[in-house]
Asks: 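Following this message is one structure expressed as structure tokens.
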Amino acid sequence: MTHRPVRVRIAPSPTGYFHLGGARTAIYNWLYARHTGGRFILRIEDTDRTRYHPEALDDLLESLRWLELDWDEGPEVGGDYGPYFQSERLPIYQEYARKLVQEGHAYYCYCSPERLAALREEQRKRKERIGYDRHCRYLTAAQRAEYEAQGIKPVVRLKIPDEGQITFHDVIRGEITVDVSTLDDLVLLKSDGYPTYHLANVIDDHLMEITHILRGDEWLSSVPRHLLIYQALGWEPPIMAHLPLLLDPSGKGKMSKRKPVVNGVEYPTLIRDFRKAGYLPEALFNFLALLGWSYDPENDLFTREQAIERFDITDVSPKPSVVSYEKLDWMNGVYIRQLPTEEFTRRAAPFIAEALGIAEEDVTGHAGLLAVMPDVQERVKKLSETAEWVDFVFKEPSEYDPKLLIGRKMTAAQSLEALRAARQILAELPEFAAEPMEAEMRALADRLGVKAGALFGILRIAVTGKKVAPPLFTSIVAVGRERTLARCDRAIGLLEELVAAESA
Ligand code: GLU
């Protein structure tokens with residue numbers, strides 16, 4: 001057991017956009033660092049140049065910032081164990097590869113890609129285990145000199161012991177034993193001088209004094225190989241913890257990068273897409289933290305601070321965890337409702353602005369908008385759903401069927417009369433506020449002998465152009481007196497045409 005201060009890391013490869021699985025790993029590492037007062041390190045494993053994706057790094061940093069997972073060492077912030085980009089550490093890996101060869105733990109392999117391909121083909125035909133046949137492990141000095149003379153650039157391979165077992169303890173999975181006969185003499189350094197993932201990962205975890213490795217379960221199968229590298233270098237490996245598998249919403253398959261479809265709706269898997277879809281970072285944080293860990297069996301909702309207080313890797317479950325988007329939507333709705341309305345409006349503003357093609361300042365600076373936002377807040381599960389609830393505040397209602405202006409159980413003429421009277425009230429109301437407005441309208445309905453609901457229906461269409469909108473009178477207040485009257489006039493015009501057509 002180590003008593004060094006906790007140092008954990010995430011080590012993403014910038015090969016694609018940051019994914020929900022990567023975010024869960026980041027959250028657990030971050031929580032563990034914060035829980036123990038340790039350090040959370042970000043290391044960029046960018047040695048695979050063929051799969052390098054130039055936008056991936058920005059996306060990663062943006063996503064981590066959005067989720068408020070601040071890193072103590074790494075890109076932008078530096079630290080005492082840098083560089084934190086593996087591509088800037090090549091001489092280090094080359095030096096250790098050389099040392100491993102010198103000390104007899106590794107060897108140069110000159111086999112051509114063609115030979116390796118033919119070997120694989122042969123093994124396939126004979127139904128043998130596919131793997132390197134250790135041809136170069138037993139070269140004589142003369143043979144080696146001949147390859148060198150031909151100018152062949154070798155790779156460096158690790159010598160896997162001929163027999164035996166490797167047993168290790170994973171904090172989450174328990175004890176695991178692997179027979180070395182299942183392992184290949186893996187490549188440590190490629191012929192171009194770049195390390196493989198295995199070599200660079202082990203060297204950096206050691207040099208960066210990483211105490212605990214928490215990562216996705218897809219790396220579990222690499223552990224025996226890594227342990228042999230640690231052994232060869234005479235280093236003590238960090239404590240290992242491999243997180244449970246994430247299952248897609250059906251619970252049947254592994255979560256992939258493809259967007260899952262639930263009840264006909266396509267859901268995101270990339271953090272940037274969760275953001276665009278209008279999920280709150282604190283809700284996504286809470287949701288992802290639960291994929292393998294539980295805060296309290298009775299209660300799924302918690303703040304970051306609460307999670308920091310309780311999080312421990314020994315409590316992470318080995319059981320695969322189903323990603324339930326329905327639960328995420330529910331949780332996001334809960335978080336939305338918890339926001340102060342001003343804050344909700346501020347966060348919704350970019351979504352409303354984008355959907356309606358207006359400036360964000362026009363949204364945040366709108367005098368009447370705040371009146372309807374408490375109701376919108378009760379109804380939406382995502383920020384992206386806000387625009388459709390408030391568009392009438394900013395834009396004239398689009399074309400609607402004039403017949404919708406005819407009140408329930410009323411004629412066109414009665415509806416016209418009612419709307420004219422309502423307009424007059426709205427024009428003369430001393431204070432343009434929801435409560436006195438509603439009282440006046442109810443009194444009007446009584447005077448006209450119509451149902452209040454029928455009158456309200458007419459007004460709702462006239463002012464919002466929709467049958468379903470936030471509560472009528474706060475909606476009218478949000479639109480403001482002047483524009484409300486103009487919209488009533490337009491509706492009155494439409495009703496007049498209907499009445500004229502009926503009597504013609
Ligand atoms: N570069 C690996 C990745 O992309 C790192 C895995 C690990 O944490 O060891 O996830």
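Ligands are counted one by one from 1 in listed order, and the atoms in each one are counted from 1 as well. Because the structure is a prediction, the values reported are computed rather than measured.
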Asks: Could you list all the ring pair (Phe, Tyr, Trp, His ring centres under 6.0 Å) pairs where at least one residue sits in residues 244-275, not counting sequence neighbours?
Replies: Tyr267-Tyr325, Phe274-Tyr279
Asks: Can you find an N or O of Ala11 that's nearer than 3.5 Å to an N or O of ligand 1?
Replies: yes
Asks: Mark up the atoms of ligand 1 that fall under 4.0 Å of a heavy atom belonging to Asn201, in ascending order.
Replies: 7 (C), 9 (O)
Asks: Identify, by atom number and element, the atoms of ligand 1 in contact range of Tyr197, meaning under 4.0 Å from any of its heavy atoms.
Replies: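 Matching atoms, with element in brackets: 2 (C), 5 (C), 6 (C), 7 (C), 9 (O).
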Asks: Below 4.0 angstrom from a heavy atom of Glu45, which ligand 1 atoms are there? Numbered from 1 as shown, please.
Replies: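 Every atom of ligand 1 under 4.0 Å from some heavy atom of Glu45: 1 (N), 2 (C), 5 (C).
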Asks: Without hydrogens or angle criteria, can the side chains of Trp293 and Asp312 be said to hold a donor-acceptor pair below 3.5 Å?
Replies: no
Asks: Identify the closest protein heavy atom to atom 9 (O) of ligand 1: which residue and atom is it, and at what distance?
Replies: Arg215 NH1, 2.7 Å
Asks: So, Asp72 and Arg34, do they make that salt bridge, N to O below 4.0 Å?
Replies: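 Counted as a salt bridge, because a side-chain N and a carboxylate O are separated by less than 4.0 Å.
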Asks: How would you list, by chain and number, every residue that makes a salt bridge (Lys or Arg N to Asp or Glu O under 4.0 Å) with Glu209, sequence neighbours excluded?
Replies: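 Here no residue qualifies.
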Asks: Has Arg157 got its NZ or CZ under 6.0 Å from the middle of the six-membered ring of Tyr132, at an angle within 45 degrees of the ring axis?
Replies: yes
Asks: If we count only N and O atoms by modelled type, under 3.5 Å, do the side chains of Glu326 and Asn263 hold a donor and an acceptor together?
Replies: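 Yes, side-chain donor-acceptor contact under 3.5 Å.
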Asks: Identify, for atom 8 (O) of ligand 1, the protein heavy atom at the shortest distance, and state residue, atom and that distance.
Replies: Arg9 NH1, 2.6 Å
Asks: Starting from atom 10 (O) of ligand 1, which protein heavy atom do you reach first, and at what distance in Å?
Replies: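 In this structure, atom 10 (O) of ligand 1 has Trp219 CZ2, 3.4 Å as its nearest protein heavy atom.
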